[in-house]
Structure formats: C-alpha cells, structure tokens
Protein chains: 2
Amino acid sequence: MNISEAATRAGLPPKTIRYYEDIGLITPDRGANGYRSFSETHIHKLHFLARARGLGFSVEDCRTLLALYEDSGRASADVKAVAQEHLAQIEAKIAELTAMRDTLTDLVHACAGDHRPDCPILKGLEQ
Amino acid sequence: MNISEAATRAGLPPKTIRYYEDIGLITPDRGANGYRSFSETHIHKLHFLARARGLGFSVEDCRTLLALYEDSGRASADVKAVAQEHLAQIEAKIAELTAMRDTLTDLVHACAGDHRPDCPILKGLEQ
DNA sequence: ATAGGGCTTCCAGTCACTGGAAGGTCAAGA
DNA sequence: TCTTGACCTTCCAGTGACTGGAAGCCCTAT
C-alpha cells in the first residue's frame with residue numbers, strides 16, 4: 001500500500017509519516033520504483049503512533065512506547081511510568097491554563113468593551 | 001540601566017529582551033559603548049510584555065496589546081476582542097487537555113504496573 | 001596590567017511538523 | 001503512442017518563542 005492510503009488508514013498526513021520515517025519511528029518497505037510500501041503491521045504501528053500523539057505523548061515518549069509495544073517481554077510498570085509522568089505534565093499544564101483562564105475571565109468581565117479608552121484589561125496587564 | 005538590571009526589574013531573561021528588540025517589540029536606547037540603555041518607560045513596557053506573555057498571549061497579540069496600551073485614543077472594545085479570542089483558545093486547549101487527562105487517567109488506573117507484560121495502556125493505544 | 005564579569009552580535013538548535021519546489025512514476029483516456 | 005493529471009520522491013526552508021554557545025569588546029577593581 002502506498003503512502004496516501006496508509007495515511008488515510010492511520011489517520012496521519014503523508015508528510016508526517018515521512019517525517020516519522022526520517023526520525024526512525026517506522027521503516028516502511030520500498031517498491032522497485034522507490035515508493036514506500038506499507039504492510040498491515042506498519043499500519044498498526046502508525047495507528048498506535050497517531051493515538052499516542054493524540055493523547056499528547058511526545059515523539060520521544062512514542063518511541064519508548066512503541067518499543068514497549070513491540071517487546072513481548074516488557075513489564076507493564078515501564079509503560080505505566082511513562083504514562084504517569086505524562087499525566088503529571090498534562091495536569092500541570094491544565095492547572096497553568098486554568099489560572100490564566102481565571103485571570104483573563106475576570107479581566108474580560110471587568111472591561112466595558114466600548115469606544116472609551118479606559119480598560120481594566122490593560123490595567124491588569126500593567127499591574 | 002543595563003540589560004541585566006532591566007531583566008531583573010521586568011522579570012524576563014536578558015536573552016528574551018534582546019529577542020523582543022530583534023522583533024521590534026521594544027527599542028531601548030544605546031549608550032556610547034553600544035550597550036542597551038533602559039528607561040523606566042522601557043521597564044514598564046517590558047513588564048507589560050512579561051505579564052501578557054505570562055497570561056499566554058502570543059507575541060503578536062502582545063504587539064497589538066502594547067500598541068493599544070500606548071494609544072490613549074484606543075477603544076476598550078479592541079482590547080476586549082483580543083482578550084476574548086485568546087480566552088476562547090485557552091478554553092479550547094483546556095478542554096483538549098482535560099479529555100486527554102481523562103483517557104490517560106482511566107488507562108493508568110487500569111494498568112497493574114507490575115513485571116507482567118499485559119498492559120491496558122498499550123491496548124488502549126492500539127485500540 | 002590583568003582578571004572577572006557584563007555586554008555585544010551572530011549562528012544553531014529546540015519540537016513536531018508543514019509548505020513548497022523540482023522532478024520521477026503510473027494509470028487512464030484520446 | 002502520447003498526454004494528462006494524480007501520485008510519488010527528495011530536499012530545503014519556515015513555524016513560535018525563545019535558548020545555548022562562541023567570539024570578541026568593555027568596564028571596574030585590584
């Protein structure tokens with residue numbers, strides 16, 4: 001299967017698949033014409049990558065997870081450790097964004113939003 | 001005042017201040033020796049930028065906000081529009097991260113995290 | 001005179017793609 | 001057979017907002 005079909009099946013843009021090959025995440029076969037050729041196994045891996053990236057794992061985390069995925073002798077503790085670390089980062093990010101949202105919401109509510117120059121948002125940014 | 005003191009006062013790294021000058025966000029004076037020289041007005045602007053960046057505004061938003069900040073004839077509606085647009089993006093990001101967190105939390109809770117290879121996290125990524 | 005710290009510029013790297021150019025390949029229709 | 005258009009290839013550059021580091025000038029204190 002050529003790259004565009006693989007892309008459709010995996011839910012990733014062709015460019016991204018080429019990029020993943022570049023950085024060694026996946027190694028499709030090659031036809032006589034130089035075209036990449038994807039097997040069902042490749043599709044599974046790409047789909048796995050798409051899901052992991054969709055959950056916010058870094059590409060390096062994906063590399064680790066993919067290696068664990070392929071290692072039938074893995075310990076689930078290793079997978080869990082990666083996921084928990086990532087979860088902690090997501091929660092930190094949510095907390096950061098929530099604080100921003102709360103501050104911004106207050107400022108936006110305080111601002112008349114009319115033609116006059118007086119603006120609590122700018123005052124809030126000035127502090 | 002030299003850049004390192006300005007950096008301390010504004011709460012930004014010197015490198016970041018140089019970068020802001022590079023992209024035209026701020027234009028400090030220059031001493032005879034070529035050193036940047038910051039006035040209180042510059043410090044105010046830098047502080048404003050630090051706050052705005054801290055609330056997650058993009059550098060381009062900061063450029064707009066700074067222009068409004070300096071324009072005594074501004075309409076507060078213009079400021080509010082920028083803030084509301086940004087707020088909407090933050091809320092979208094929070095929603096996205098929350099969905100990731102919920103999925104990841106479920107997977108992590110389902111995983112024994114022991115020496116055995118069986119792993120619901122990997123299964124969840126495989127789908 | 002020298003040592004150190006601070007300042008300057010410029011270049012490269014980060015992360016994960018994404019756009020675009022230049023050119024080779026393939027299948028279908030005239 | 002030729003052409004057209006869609007597909008494929010590689011390579012280079014750009015994104016955002018810095019950040020690290022190198023090479024070299026400047027200032028102050030000893």
Side-chain angles (χ1 to χ4, degrees), chain A residues 1-39 42 45-46 48-66 82 85-86 89-90 92-93 96-97 100, chain B residues 1-38 42 45-46 48-66 82 85-86 89-90 93 96-97 100:
Chain A
M1 151 184 9
N2 282 348
I3 197 168
S4 65
E5 192 185 340
T8 305
R9 296 270 310 275
L12 288 171
K15 278 263 183 189
T16 299
I17 297 177
R18 291 194 191 100
Y19 172 68
Y20 287 172
E21 183 183 3
D22 254 21
I23 62 172
L25 273 188
I26 193 162
T27 309
D29 302 326
R30 293 283 178 152
N33 56 10
Y35 285 18
R36 289 170 184 81
S37 176
F38 296 85
S39 67
H42 292 130
K45 285 200 211 179
L46 286 172
F48 181 92
L49 289 170
R51 278 278 290 163
R53 290 287 302 129
L55 285 177
F57 285 101
S58 72
V59 162
E60 283 318 300
D61 278 349
C62 288
R63 196 188 298 278
T64 304
L65 291 171
L66 199 54
V82 173
E85 172 66 24
H86 177 47
Q89 284 179 11
I90 285 181
K93 191 76 191 169
E96 185 190 345
L97 288 172
M100 286 179 187
Chain B
M1 146 187 10
N2 282 350
I3 198 168
S4 66
E5 192 185 341
T8 305
R9 295 271 311 274
L12 288 171
K15 278 264 183 188
T16 299
I17 297 177
R18 291 192 193 101
Y19 172 68
Y20 287 171
E21 182 183 4
D22 254 20
I23 62 173
L25 273 189
I26 193 163
T27 311
D29 302 326
R30 292 283 178 153
N33 56 10
Y35 285 19
R36 290 170 182 82
S37 175
F38 296 84
H42 292 130
K45 285 202 211 176
L46 286 172
F48 181 94
L49 289 170
R51 277 280 287 165
R53 291 287 302 126
L55 285 176
F57 285 102
S58 72
V59 162
E60 284 317 301
D61 278 349
C62 287
R63 198 188 297 281
T64 304
L65 291 171
L66 199 52
V82 173
E85 172 66 24
H86 177 49
Q89 285 181 10
I90 284 181
K93 191 74 191 174
E96 186 189 346
L97 287 172
M100 286 179 187

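In what follows, every chain begins at residue 1, and chains take the letters A, B, ... in the order their sequences are listed.
- Residues from residues 21-31 of chain A lying near DNA chain D, meaning a heavy-atom separation below 4.0 Å, are A:R30 in numerical order.
- Using a cutoff of 4.0 Å between basic side-chain nitrogens and carboxylate oxygens, B:E21 and B:R18 are not scored as salt-bridged.
- Using a 4.0 Å heavy-atom criterion, one finds that A:P13 contacts the sugar-phosphate atoms exclusively.
- Distance CD1 (B:I3) to C1' (C:dT9): 12 Å, rounded to an integer number of Å.
- A:L25 contributes atom CG, which lies 11.0 Å from atom CZ of A:F48 (distance to the nearest 0.5 angstrom).
- The interatomic distance linking B:N2 (CG) with C:dG5 (P) rounds to 17 Å, in whole Å.
- To the nearest 0.5 Å, atoms CG (A:D61) and CG (A:L66) are separated by 12.0 Å.
- Distance CZ (B:F38) to P (C:dG6): 16 Å, rounded to an integer number of Å.
- Between B:N33 and D:dC27 there is a side-chain polar atom (N or O) within less than 4.0 angstrom of OP1 or OP2.
- The CZ atom of B:F57 lies 15.5 Å from the CZ atom of B:R63; values are rounded to the nearest 0.5 Å.
- Minimum interatomic distance between A:L46 and A:A10 (heavy atoms only, all atoms of both residues): CB-CB, 3.5 Å.
- For D:dT9, the OP1/OP2 oxygens have a side-chain nitrogen or oxygen of A:R36 closer than 4.0 Å.
- Protein atom OH of A:Y20 is 14 Å distant from nucleotide atom P of C:dC15, rounded to whole Å.
- One finds a side-chain N or O of A:T16 lying less than 4.0 angstrom from the OP1 or OP2 phosphate oxygen of C:dT18.
- At whole-Å resolution of the value, CD in B:E60 and P in D:dC18 are 12 Å apart.
- Separation of atoms OG (A:S37) and CE (A:M1) is listed at 8.0 Å; rounding is to 0.5 Å.
- Side-chain N/O atoms of B:R18 include none lying less than 4.0 angstrom from OP1 or OP2 on C:dT9.
- Over its full length, the helix from C:dA1-D:dT30 to C:dA30-D:dT1 turns its helical axis through 30°, comparing axes from the five pairs at each end and rounding to 10°.
- As rounded to whole Å, 14 Å separates atom C1' of D:dG16 from atom CD of B:Q89.
- For B:Y35, the side-chain atoms get nearest to D:dC26 when compared with the rest of D:dC26, C:dT18, D:dC7.
- With contacts defined as side-chain heavy-atom distances shorter than 4.5 Å, the pair B:Y20/B:K45 does not qualify.
- Rounded to whole angstrom, the span from the NZ atom of B:K15 across to the P atom of C:dC7 amounts to 13 Å.
- Counting to the nearest Å, the C1' atom of C:dG6 and the CD1 atom of B:I17 are 14 Å from each other.
- The residue from B:E85, B:K93, B:H86 that alone fulfils the side-chain hydrogen bond (donor to acceptor under 3.5 Å, both in side chains) condition with B:Q89 is B:E85.
- B:R53 contributes atom CZ, which lies 11.5 Å from atom CG of B:L65 (distance to the nearest 0.5 angstrom).
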Exercise for review: With side chain to side chain contact (heavy atoms under 4.5 Å, CB included) as the test, would you mind laying out the steps for B:R36 and B:H42 before giving the verdict?
Suggested key: CA-CA 11 Å; B:R36 290 170 182 82; B:H42 292 130; over 6 Å; no

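- Of the candidate nucleotides C:dG6, D:dT19, D:dC18, C:dG6 has the atom nearest to the side chain of B:S4.
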